[in-house]
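As the structure is a computational prediction, the values presented were derived from the model and not from experiment. Only heavy atoms go into these numbers, but all of them, side chains included; no hydrogens, no water, no symmetry mates. Throughout, protein chains are lettered first and strands after them, A, B, ... in sequence-line order, and every chain is numbered starting at 1.
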Number of protein chains: 2
Amino acid sequence: MKLITRNTDYAVRALCCIAEQKQEVISGDQLVKSLEMPRPFLRKILQTLNKEGLLTSSKGKGGGFALAASPEGITLIEVMKIFQGPIKLSEHKFKKSDCPRINDCLLKKKIDEIEKEVIVKLKAITISSILKNRR
Amino acid sequence: MKLITRNTDYAVRALCCIAEQKQEVISGDQLVKSLEMPRPFLRKILQTLNKEGLLTSSKGKGGGFALAASPEGITLIEVMKIFQGPIKLSEHKFKKSDCPRINDCLLKKKIDEIEKEVIVKLKAITISSILKNRR
DNA sequence: CAAAATGATACAATTATAGTATCATAATAG
DNA sequence: CTATTATGATACTATAATTGTATCATTTTG
Ligand code: FES
Ligand code: FES
């Protein structure tokens, strides 16, 4: 019942780390050292973030990754969508298709209300607001 | 990223159905007919609800299940705990043990705030409040 | 060309969810 | 006392999601 998967969590940590960096561009290997996470896993995450337009990348010596937007402009929900798909707290599948009862499920209606509020909260979280949380 | 598993959803639907019934006791097979869900799966769910004290059961002809408390007294979060364990939106495990970064993870702190609010909402949902939602 | 970096893609392991199957036990009617 | 109707306990299996790993190709710079 976890809201955030490891993909997303690592991606956010990487984005935070890049945002804090003095030099704009930082290589994957430097990030591995700072963040202590499995190299090939982080590499894949960085590639995805680049493909989705949250990072820019450059190859070759001196290359690496940089933020494509300011830390204020990168929201958590955006990262979640990339790695976890759209937020659906009350998804209810039955062998790949939706539950036949989904339209009259009373519980689903209640959960949908909670979902709306969670989405509002998530939209308010950005890389910069996460960094501000720190002491 | 689903908040409610099928176990929980089915359990709630069953509890609602029992609560609405005129006769207090209803058999598993009758519930299967009303709820259109896989018999052995529902049976297991009912057994668990009984073991956890949300239902009472009686064997033999005329037997079946009945609510152990009033519909106002059964909360969603109670059912969720039974089938999904305690609510932990920001759990982050690494091979069975907690993520070593869990104590300084800035994102986790943000998610924990959301978790608190979600728990408040969930605690307010009961079988009777779910039934009232219906038109 | 060699070194340092990312890009693309296929594969594998682990865990969680969802579901099935079987046999035992108890209560009731006749 | 035995057949029927019901639940109890428990072991097994299937599917999907998550969490990774491994390999080779491509681009950039010196
Ligand atoms: S959406 Fe399927 S039972 Fe609630
Ligand atoms: S709790 Fe592990 S990185 Fe956030």
To the nearest Å, give me how far apart [atom1] ([X]) and [atom2] ([N]) are.
| X | N | atom1 | atom2 | value |
| --- | --- | --- | --- | --- |
| A/E52 | C/dG7 | CD | P | 13 Å |
| B/I18 | D/dT7 | CD1 | P | 10 Å |
| A/K2 | D/dT18 | NZ | P | 8 Å |
| A/F41 | C/dA13 | CZ | P | 16 Å |
| A/M1 | C/dA18 | CE | P | 12 Å |
| B/R39 | D/dT5 | CZ | C1' | 11 Å |
| A/M37 | D/dG20 | CE | P | 10 Å |
| B/L42 | C/dT20 | CG | C1' | 14 Å |

What donor-acceptor contacts under 3.5 angstrom involve side-chain atoms of residues 76-85 of chain A, with partners at least two apart or in another chain?
{"from": "A/E78", "atom 1": "OE1", "to": "A/T75", "atom 2": "N", "distance (Å)": "3.2"}
{"from": "A/E78", "atom 1": "OE1", "to": "A/T75", "atom 2": "OG1", "distance (Å)": "3.4"}
{"from": "A/Q84", "atom 1": "OE1", "to": "A/T5", "atom 2": "N", "distance (Å)": "2.9"}
{"from": "A/Q84", "atom 1": "OE1", "to": "A/T5", "atom 2": "OG1", "distance (Å)": "3.3"}
{"from": "A/Q84", "atom 1": "OE1", "to": "A/T8", "atom 2": "OG1", "distance (Å)": "2.5"}
{"from": "A/Q84", "atom 1": "NE2", "to": "A/L3", "atom 2": "O", "distance (Å)": "2.9"}

- Query: Looking at A/N50, does any N or O in its side chain come under 4.0 Å of the phosphate oxygens OP1/OP2 on C/dG7?
  - Reply: yes
Pairs under 3.5 angstrom only: tabulate donor-acceptor contacts from the side chains of residues 12-24 of chain B to other protein residues two or more places apart or in another chain.
{"from": "B/R13", "atom 1": "NH2", "to": "B/L35", "atom 2": "O", "distance (Å)": "2.9"}
{"from": "B/E20", "atom 1": "OE2", "to": "B/R134", "atom 2": "NH1", "distance (Å)": "2.0"}

What protein N or O atoms touch nucleotides 9-12 of chain D N or O atoms at under 3.5 angstrom, if any, and at what distances?
{"from": "D/dA9", "atom 1": "N7", "to": "B/Q47", "atom 2": "OE1", "distance (Å)": "3.0"}

- Task: Please list all pairs passing the side chain to side chain donor-acceptor pair (under 3.5 Å) test where one or both residues lie in residues 50-66 of chain B, with sequence neighbours left out.
- Result: B/N50-B/S57
- Message: Among residues at least two apart in sequence or on other chains, which ones pass side chain to side chain donor-acceptor pair (under 3.5 Å) with B/S70?
- Response: B/E72
- Message: Holding to side chain to side chain donor-acceptor pair (under 3.5 Å), I want the full list of residues that pass it with B/R39, two or more places apart in sequence or in another chain.
- Response: B/D29
Pairs satisfying ring pair (Phe, Tyr, Trp, His ring centres under 6.0 Å), at least one member in [range], at least two apart:
| range | result |
| --- | --- |
| residues 25-63 of chain A | A/Y10-A/F41 |
| residues 101-130 of chain B | none |
| residues 51-73 of chain A | none |

Result block: side-chain N/O donor-acceptor pairs under 3.5 angstrom for residues 111-120 of chain B, not counting sequence neighbours:
{"from": "B/D112", "atom 1": "OD1", "to": "B/S90", "atom 2": "OG", "distance (Å)": "2.9"}
{"from": "B/D112", "atom 1": "OD1", "to": "B/K108", "atom 2": "NZ", "distance (Å)": "3.3"}
{"from": "B/D112", "atom 1": "OD2", "to": "B/K108", "atom 2": "NZ", "distance (Å)": "3.4"}
{"from": "B/E115", "atom 1": "OE1", "to": "B/L89", "atom 2": "N", "distance (Å)": "2.8"}
{"from": "B/E117", "atom 1": "OE1", "to": "A/K121", "atom 2": "NZ", "distance (Å)": "2.9"}

- What nucleotide, of D/dG20, C/dA18, C/dT20, holds the atom closest to the side chain of B/T5? C/dA18
- Message: Counting only heavy atoms and a strict 4.0 angstrom limit, can you tell me which residues of residues 26-34 of chain B come near DNA chain D?
- Response: B/S27, B/G28
- Assess whether atom NZ of B/K123 is packed by more than 12 heavy atoms of other residues, nucleotides or ligands within 6.0 Å. no
- Query: Near DNA chain C, which residues from residues 55-67 of chain A have a heavy atom under 4.0 Å away?
  - Reply: A/S57, A/S58, A/K59, A/G60, A/G64, A/F65
- Item | Heavy-atom check, side chain of A/K44 versus side chain of A/P40, under 4.5 Å | no
